[in-house]
Amino acid sequence: MSLNFSEIEKRWKKFWEENNTYKVEIDKDKPKYYVLDMFPYPSGAGLHVGHPLGYIASDIYSRYKRMSGYNVLHPMGFDSFGLPAEQYAIQTGIHPADSTRENINRYKGQLSNLGLNYDWSREVQTSDPDYYKWTQWIFARMFEHYYNTKLQKADSIDNLIAEFENKGNANVDAYGSEDRIFTAEEWKNMSDKEKDGVLMNYRLAYRKVGFVNWCEALGTVLANDEVKDGVSERGGHPVVKKPMNQWSLRTTAYAERLLNDMEKIDWSESLKTMQRNWIGRSEGLQMFFDLDGMDEKLEIYTTRPDTIFGVTFMVLSPEHPYVEKLTKPEFEKEVTEYKKYAVNRSEIERTSEKKVTGVFTGSYAVNPLNGKKIPVWISEYVLMDYGTGAIMAVPSDDDRDRAFAEKFDLPIIPVIDKSKYPGSTSKDKEGIMINSDFITGMEVPDAIRAVEDKVESMGIGKKQINYKLRDANFSRQRYWGEPFPVIYDDQEVAFLLPDDELPVELPPLNEFKPSTDGKSPLARNEKWVHEYEGFTRETDTMPGFAGSSWYFLRYMDPHNDDKFASEEALDYWQDVDFYIGGTEHAVGHLMYSRFYHKFLYDLGLVPTFEPFKRLVNQGMIQGVIEFLYLKKDKVNDKSVFVSADLISKDEEEDYAKIPVYIGFVKDYGSPKSYLDKKGIDEFRNWRKEYIDAEFVTSSGTYSAGKTELEDIKFYTLSEIGKMSKRYHNVVNPDDVVAEHGADTFRMYEMFLGPIEQSKPWDTKGIDGINKFIKRFWSLYIDMDDNWIVTEEKATNEELKILHKTIKKVTEDIANLSFNTAISAMMVFVNDAKKMNIHKSEILIPMIKVIAPFAPFISEELWHKAGKEGSVHHQLFPVFDESYLKESTVSYPISVNGKKRGIEEFSKDLSKEELEKKALELKYVQKWIEGKNVMKVIVVPGRMINIVVK
RNA sequence: GCCGAAGUGGUGGAAUUGGUAGACACGCUGGACUCAAAAUCCAGUGAUAGCGAUAUCGUGUGGGUUCGAGUCCCACCUUCGGUACCA
């Protein structure tokens, strides 16, 4: 009755805002600490209970850090460019800026209801021109730089141009994709357009022909997400790869650094493994095969040069430029058809199905080491954008090549004897070479080296390091993204707009549909496109990651109009100490952010070479999805639902699974979830098309609103999955906060389990937290709202309970074990209740201990205690080890490893004394009677084990 | 297929380096208070046998190392994530 949480929440939300409690400024007298959440995309659906899991954890952690004397930067913002707002605009005509603003306001309201301690004065929005001015500015710098392989850092493109003018490009230390060699003279004679083309092959932000998902029927380019099984998700129209000029970022230039610098950061090993796999470094040999009857040579890449004598055919990607030339007339029809087939298949399809496809071109290549002629095939399992788009196939030692050879009846020559290496697979580089000319008899690693040397000495190849990592596609044919600060002259040579014209703002538009030739909607605004006399603007926009790859830097100095952040701010805040977010961003976002950060580091614009020191992935809170089984075919023109207990695994495919609002389902989330009579009626009224449906259960049938069975149980199917509107299982945190209070909601989410672990949302246990908070409150305030804390001196026993709790909570926060920290506080309350503790010496520190977890009631109690300021600016209590000392230890006494009793012994007893006392125990006597005591193991402070025989 | 993580009561989950398995909480059972209910408080709660003391079993399965294994090793099963014909 005295704990009115909604009133308390209102009061302190206002107080914190009025007093700028969470505002932070540079304070050189204090050490800094930067705690960052991955900022959300403000979707129309609002936050669900899954989102706050990470936010609450970082809130607790940052509050604790502030209370430990740090100057804590803990900001929040919005990744507010994105596809959904644009699609919404296409459907409704509402401008993305308007719907985004509305969504952001809703998000902010929801976040503030949770009592999160963000410094909102530092909010950033990626769609705000004051912000994307700097997104464009960084892009411009990338355009102006290339990667210098000697300095191993980004360098001005002007330096490269100077080198070209001096000595051409034969010996430049530049990472790029230019394959022509030219002299200084040739460079000087090039046209502007040619020069632009060459420089594009070196710039870190550059233009090249890339492939987009083009859907002819919709007349638009689709994102990977919008393509399912080779057809558009909307409408199911065919999607093909269409070549278009696209901006890219030369992320591959940084591959080695992105890989190696991971050793220096505190990320989980599994996350680092994911990043490593994405980068995908491999060492191998690049070499040329002669083509029979042709001048061109076929370039391939292999990580297994040792198997070269086992090569029995070559495989080219269907997109390989040589395919046409290699195809003999009599094979043309098949090859053309196969190419058509491959281009209509999405990359996902091409790579995920197990079936083996391919066609012969009619041409042959020549193995340079033994002169053997080998047939050249094409197949979709070879991808154009990895390696050289061509492989030498070794069916004896590669699973895919073997499957291919078996299907098309191609020869298989064994070249490695693995009999000495049991369990070794074709992927393991071990075994002894056979049938292999000059390397026969060698161990595999030696053979690899021997072939590499041989090939290099013959001048037909060289050792090479390859990366799976691809340059990032940086163009989107969309409206709701950052425009490029780029214009083209009539020769299509790209020019940057000067920095003082930034930001290039998105022009107004009243039609957001893409234009039909695959161009971005921006192309519709002719006036804007041709604003510069004689020039045309770039009409593509930047991808989502352009804005989200550097936002953490902007928080340091969000309102600076001269720089993306001042040197002073960067120097003080440095980098993110602690970053928390979902695994779904584990690869893409983190890789791009690291790339951006390293680039800015090279330019001397940020002080650290990695952006995120420590990173934790929170698990997902999943939803329970409840389905009803509906017979796919109607019976007597009626829909028939069948109770889940009546359906066997084999019959499942005869049924459709209809999601049902979980609120109708009894015991939802359990294997025995069911609809009772009321639930069935609720469902029928909710989905009117099923109002006359039949519901078949084991005890009888409910038909068209009638049943004789009062206690009918219609079982439903429970699954765990994403929270989504589609499954009618979204739980809004606002509802939970309104019902139970923000502090309860926060602690409950943390109490559910370890932060990294995914778990289904379930309110079953929330009463436990509610009870705990009420009991905690009742230590301070009685039923009649009287403050009952006394100034009486605390006993040692009481102090011990306090300090034990402080110790446990402190350690658990550091480990992010919030669930056990909360259980320690519960133990405290249980003890304090039992001992009837109401002493301020114990209870005032406890307000501070609970403060990071329950910011509202702790603030209320702090002020009820007559204290000034905010509890969140107090210092966290430090535990005193001297209160924790025990004079006795309780020893488990085991005989042969089986516990037989527990004894309290003084902690000062020696091993020998403990052994003696243990052997004297009555029940020990009973267990060792008639047997020989072999030995007694005494671990002081731990346990005693008596071994008998 | 491969990589990663994980399998512990009816449920969510505890358990430094191998050392009392099941903390804390939910749920359930019984009791107190109440005309009654809610709330609150007290007691019990891994399984089996027994009135009980107690005994036996028990951390996905099967082996192993050890005085001692939820924890380490080997093989396997299941689930969840990620990922792919990457040459």
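In what follows, every chain begins at residue 1, and chains take the letters A, B, ... in the order their sequences are listed.
Between A:V947 and A:G753, the residue anchored nearer the 5' end of RNA chain B, judged by the nucleotide with its closest heavy atom, is A:G753.
When heavy atoms are screened at a 4.0 angstrom cut-off, A:R276 is found touching no nucleic acid atom at all. When heavy atoms are screened at a 4.0 angstrom cut-off, A:F772 is found touching no nucleic acid atom at all. No contact: A:N466 has no heavy atom under 4.0 Å from any strand. Using a 4.0 Å heavy-atom cutoff across all strands shown, A:I937 reaches at least one base atom of the nucleic acid. In this structure, A:Q757 reaches the sugar-phosphate backbone alone: every heavy-atom distance under 4.0 Å involves primed, P, OP1 or OP2 atoms, never a base. Across all strands shown, A:R900 has heavy atoms under 4.0 Å from sugar-phosphate atoms exclusively, and none from any base. Heavy atoms of A:K774 sit nowhere under 4.0 angstrom from any nucleic acid atom.
For A:N830 and B:A25, the shortest distance from a side-chain N or O to OP1 or OP2 is below 4.0 Å. At the phosphate of B:G68, neither OP1 nor OP2 sits under 4.0 Å from any side-chain N or O atom of A:N896. When the side-chain nitrogen and oxygen atoms of A:K771 are compared with OP1 and OP2 of B:C26, one or more of them lie within a distance under 4.0 Å. Residue A:R281 places no side-chain N or O under 4.0 Å from the OP1 or OP2 atom of B:C86.
Note: CD (A:E756) to P (B:G4) measures 18 Å, nearest angstrom.
For the residue pair A:T357 / A:E380, a side-chain donor-acceptor distance below 3.5 Å is found, with atom types taken as modelled. Checking A:N819 against A:S817 by side-chain atom types alone, no donor-acceptor pair falls below 3.5 Å. A:Y467 and A:S282 form no side-chain donor-acceptor contact under 3.5 Å, judged by distance and modelled atom types alone.
Listed for the A:D782 side chain is a donor-acceptor partner under 3.5 Å among the backbone atoms of A:D784.
Residues A:F404 and A:W377 have side chains in contact (heavy-atom distance under 4.5 Å, counting atoms from C-beta outward).
Base orientation at B:G62 is anti, since its O4'-C1' glycosidic dihedral falls outside 90° of 0.
Base-pair partner of B:C35: not found among the strands shown (Watson-Crick or G-U wobble, both distances under 3.5 Å). The partner of B:A43 is B:U29, judged by Watson-Crick or G-U wobble contacts that both fall below 3.5 Å. Base-pair partner of B:U78: B:A6 (Watson-Crick or G-U wobble, both distances under 3.5 Å).
Across B:A23 and B:G12, the matching P atoms stand 15 Å from one another, rounded to whole Å.
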